Amino acid sequence: WLLLAAGSALLAFGNFFSDDVRIATSVLSWVTLIVLNVFMARAGLSQGKPWLVNLAIAFIALNLFTRYFDIFSSMLNQGVMFLVSGAVILGLGWYLERKRRALLGMIRRGGDA
């Protein structure tokens, strides 16, 4: 976990370089954070700790939310795209909540992940 967290933090330093390096390290940082959060959720499932699953899903949602504004904030003058992307992010939120409830139900039932 610490290696993944440190890796994403180091990749964030790429923002101080040229645009190409900045974009590449930013994408790698996003992917690393998502992988870290998936590992957090899997660890919470295997250890039977609902708070860890909740924390992992919250960080996944936060990462998606920040990427949403990062990518689509430059498209504010294109209102239809902003509305469509908003519907997509609401759909992702709905899916994440359903998945979180299913995972916590598995913990309560004592089943394997």
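Note that this is a predicted model, so its numbers are computed, not measured. Heavy-atom basis, side chains included; hydrogens, waters and symmetry copies ignored.
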Between Leu45 and Val53, which heavy-atom pair has the shortest distance, and what is it?
-> N-CG2, 3.9 Å
Which distance, rounded to the nearest 0.5 Å, do you find between the CD1 of Ile107 and the CD of Gln47?
-> 10.0 Å
What residues form a ring pair (Phe, Tyr, Trp, His ring centres under 6.0 Å) with Phe59, not counting sequence neighbours?
-> none
Applying side-chain contact (heavy atoms from CB on, under 4.5 Å), name anything that partners Ala56, two or more places apart in sequence or on another chain.
-> Met40, Ala41
Residues passing the side-chain hydrogen bond (donor to acceptor under 3.5 Å, both in side chains) test with Lys99, sequence neighbours excluded, are none
Residues in side-chain contact (heavy atoms from CB on, under 4.5 Å) with Trp94, at least two apart?
-> Arg98
Under 3.5 Å, sequence neighbours excluded: what are the donor-acceptor pairs made by side chains of residues 86-93?
none

Gly48 and Pro50 have their tightest heavy-atom pair at O-CD, 3.3 Å
Which residue pairs pass the side-chain hydrogen bond (donor to acceptor under 3.5 Å, both in side chains) test when at least one of the two sits in residues 52-63, sequence neighbours left out?
-> Asn54-Arg100, Asn63-Arg67
Which of these passes side-chain contact (heavy atoms from CB on, under 4.5 Å) with Asn37: Ile60, Ile57, Thr32?
-> Ile60
